[in-house]
Every structure is written in structure tokens, then in C-alpha cells.
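Letters A, B, ... are given to chains in the order of the sequence lines, protein chains preceding strands, and every chain is numbered from 1.
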Amino acid sequence: MKFDLQKWINEGRLKSPWVVHFNCGSCNGCDIEILDCLTPVHDVERFGIINVGNPKQADVLLVSGTVNHRNKTALKNIYDQMQHPKAVIAIGSCGLSGGIFYDAYNVVGGVDKVIPVDVYVPGCPPKPEQIIDAVLVALGKLKASLEKSDEAPGQETAPAAGEQPAA
Amino acid sequence: MIVKLFFGIVGLAVAPFLGGLIAGLDRKITARMQSRFGPPVLQPFYDVFKLLGKTPSAVNAWLVLCSYLALMGSALAVFLFFYQADLLLIFFVMTISAVFQVMGALSVNSPFSQVGAQRELLQMLAYEPLIIIVFIGIALKTGSFSIEVIYAQQAPLLYSMPLLFLTLGVALTIKLRKSPFDISASHHGHQEIVRGVLTEYTGPQLAMLEVAHWLDVVLILGLCSLFWATSLLGMIVLLLVTYFLEILVDNISARLTWQWMLERALASGIILSVVNLLWLYALK
Ligand code: SF4
């Protein structure tokens, strides 16, 4: 019975990724593309994706924009509030590396300087299709880590997030 | 007695599945009305199982306790309904669930949760009088508050109290968290003051409240079924039409303020039901 429940939970984890979106100083180009995914044309709800407002209820964190010294604590705080299993997706050139702002005096760099990132979505801004695909790739990663933890029981079922580089 | 107990237990066992399925169909039909493809019908179950598997992280013990008590209140109300108990008893037990949900939300400092809880209280202020008036109307007509007696009626109650059914429909819209009355919390992908009264419930606690909501939906649809107790087919058609109209209203109306809700829901509900009650009285 217990085993069955775990199977259902894993199934649910793959089919109901709720996303929370954090704008880390983006120019709003990426944010508009993220919101574009919610429109009837792209309809992310068919994958069970819902945009929620509370990081504690979310499974996937979408970050757009460059991380700077002011908002890196906020980003870390939001990431820490999310519960396992969770995934992080960095969106746009800014989220990947700092983009065109990379050498500005206030810029820390990409999202992965502060929190571990699972999927990177390049583009300035990326297409909505790419963003939806990124969520599905993150789910694929999650699935692989779930299968690995099934083989080696006793392990935490959290997704194997990327190594955290030294800030 | 034993048969009633059996009905109660079977009803309670089936209700969560029924409620989840209704929620899934609701989301699918809503999506189709907005010309979207929509999630799978089983989506609400995936959501709940996923939430059960999240690491628990309630802010305080009250939230956990309140989510358990809210679920138990809803489950008990559904059990009593299928047990064919007294309508008034069901009404009081039904309130327990909503009250504990509010108490949990009030126990944290988050302003979103606080505002959501206050709004939930206002919603209760709007729908509880309406439901009790409907029960009084039913008792006037059938001479009893017992569901067993009401199900044994010869003619459908809808013929003699159509306006009271409309009143119940208004209460149903509020209880289902549907527009224009979805002010305390929102469903589907909508957001209102983050998640309103549900904001601070996370992981397993949120899953429990979700199941409690399914049970509430089954209970309210059960109350609607009292209006066509003579044939199973008629009852099913009535429930399908009612629920479809709820989804339609949800999709064609905007979310409005709590003042509007209190005025319109209470005023229209009370006028409709008083007219219906006078009519019943005159016919007697
Ligand atoms: S990647 Fe381009 S569109 Fe996105 S935030 Fe940066 S500058 Fe704006």
C-alpha cells in the first residue's frame, strides 16, 4: 500500500508542476514571454502547469533577468522557501550569464551564481515554446532522479540539482 | 439502521473520487469555454498526490491541526448526508469545516492569509443564511428536516419551490469559489490576494483542504439533489444542468467586491426565498 502511494506521488510530481515566477531585474521582455505561455494559444495548463503566487506552494522557480547585489538575497530567500522536490529554470541571456548587463557595476551575473539551476533557456527573449519545453526538460530531469532514488532506496527524492558554483 | 450506516460509509468512500472527478471535468470544460485544450481530467488527483509528497513546512502547529479538523468536518458532513440524517445537523457540521479553515488562516501573520480569512468569513455570512432558509422551506413543504422523509416525497420539490432552488444556486456559487463570488480564495489557475485563505497552507495541508473542498462540492450537489428525489435520471439531469450553469456563470462574469457580494447575494437570495415561502404558505 505504501509503495503504491509513493508511485502515485511520483506520478503527480511529473504531471503537476506549479511554477512561481521571479523577476530578478529583467527588462520585462522575458516576463512577457513567460506570461505568454499562460494564454489560450500556448495553454500550459494542459501539462498541469499553474502559475502560483506563493513559493511555498510551487515546484518550479522561473527566474528572468540579471541577478544584482540588491536582489540576490531575495532570490535566495524565495528558493529556500520552496519545498523539495523543486527545480529552477533560468530564462533569457540575462538569467544565464548577466546578458548585456554582464559587466555593469551592480551585477552579480547569472542566476547560477546564487542558487543551483536545473535548466537554462537561452534567448533575448526566449520563445514561449522554449520556456514550456524547459519546464518539461526539468520534469525529465526530475523523473530520472526519481528513478535513481527508486533503485537506491533510502535516498532523498529531491531532484539532483546542478553543483552550486562558488559565488 | 444498518442499511443507513452502510449507505453512509459507502457514500463517504465514493465522495472524494466523485469530487475530484467533478473538479477535473470542471477544469476541462472551463478550458474548452476559453478555447484552450485544458488539463487531463485526472489533473486534480495528480495535484493532490504531488502536494502530499512535498516536504511539510507548516508555519505553526495550528495550520496542521486546522487542516485535519477541516477535512474531518467535511467528511463528517458528507457521511451524515449519505446516512440520511437531519438537515440541520448537517448544516452545523458543514460550518465546522469552514470555520477551522479560517482559524488556521488567521493564526499566521501573512496579510494575504488574514485578508483571505476575513473574506471567507464574509462569504459564510452570505451563504449560511441562504442555506438555512432553503432548509426551512423544505421543512415547511415536507414537514420534516430528515433527508429520509424528503427523499420519500411523491412529487419533485423543484415544482413547488423553484425560487428556493435558485437561492441554493447562489449559495452553491459562493461555496464553489466561482466568479463573481471567488473573493476569499481562487480555484483553477486564478489568483486572488495570492491564494487568499489558502495562502499559508502548503504541501500536505493544502492537499487536505483540497480534498475537503471536493467533499463540500459533493455535499452541496447532494443538497441540490433533494429537489428532484423522485427519479434517479431526473436527479442526475438536474445536477448536470446546475453544475454546467455554475461553470458558465464562472466564465462569463468577473470577480467583484465583497460589498457587492453581501448586498446582491443576500438581497436576491432572501427576496427569492421569501416570495417562494409566501407562495408555499398561500397554497397550504
Ligand atoms: S534576456 Fe533580453 S529580454 Fe530577457 S530580460 Fe534580458 S534583455 Fe530583457
For this session: Go through the atoms of B/Leu51 and report whether side chain, backbone, both or neither lie under 4.5 Å from a heavy atom of chain A.
Result: side chain
Problem set entry | chain A contact via B/Phe112 - which portion, at a heavy-atom distance below 4.5 Å | neither
For this session: Ignoring hydrogens and angles, tell me if any N or O in the side chain of A/Asp43 forms a donor-acceptor pair with the backbone of B/Arg36 under 3.5 Å.
Result: no
For this session: Indicate yes or no for a side-chain donor-acceptor contact from A/Gln57 to the backbone of B/Gly203 under 3.5 Å, with no hydrogens or angles considered.
Result: no
Is it true that, when you exclude [X] itself, more than 12 heavy atoms of the residues, nucleotides or ligands shown sit nearer than 6.0 Å to its [atom1]?
{"X": "A/Arg70", "atom1": "CZ", "value": "no"}
{"X": "A/Asp103", "atom1": "CG", "value": "yes"}
{"X": "B/Met72", "atom1": "CE", "value": "no"}
{"X": "B/Trp62", "atom1": "CH2", "value": "no"}

Exercise. CG/A/Asn54 to OG1/B/Thr202 distance, rounded to the nearest 0.5 angstrom?
Worked result: 7.5 Å
Problem set entry | A/Pro40 to B/Ser35 - nearest heavy-atom pair and separation | CB-O, 4.0 Å
Seminar exercise, completed: Heavy-atom nearest pair, B/Gly53 first then A/Pro85, reads O-CD, 4.4 Å
Problem set entry | B/Asp47/A/Ser16 under side chain to side chain donor-acceptor pair (under 3.5 Å): CA gap, chis, key distance, verdict | CA-CA 6 Å; B/Asp47 289 349; A/Ser16 138; 2.7 Å; yes
For this session: May I have the step-by-step check of side chain to side chain contact (heavy atoms under 4.5 Å, CB included) for B/Tyr46 and A/Ile9, ending in yes or no?
Result: CA-CA 8 Å; B/Tyr46 296 140; A/Ile9 288 177; over 6 Å; no
Can you find a heavy atom in the side chain of [X] that is under 4.5 Å from one in the side chain of [Y]?
{"X": "B/Gln43", "Y": "A/Glu45", "value": "no"}
{"X": "B/Lys54", "Y": "A/Asp59", "value": "yes"}
{"X": "A/Lys15", "Y": "B/Lys50", "value": "no"}

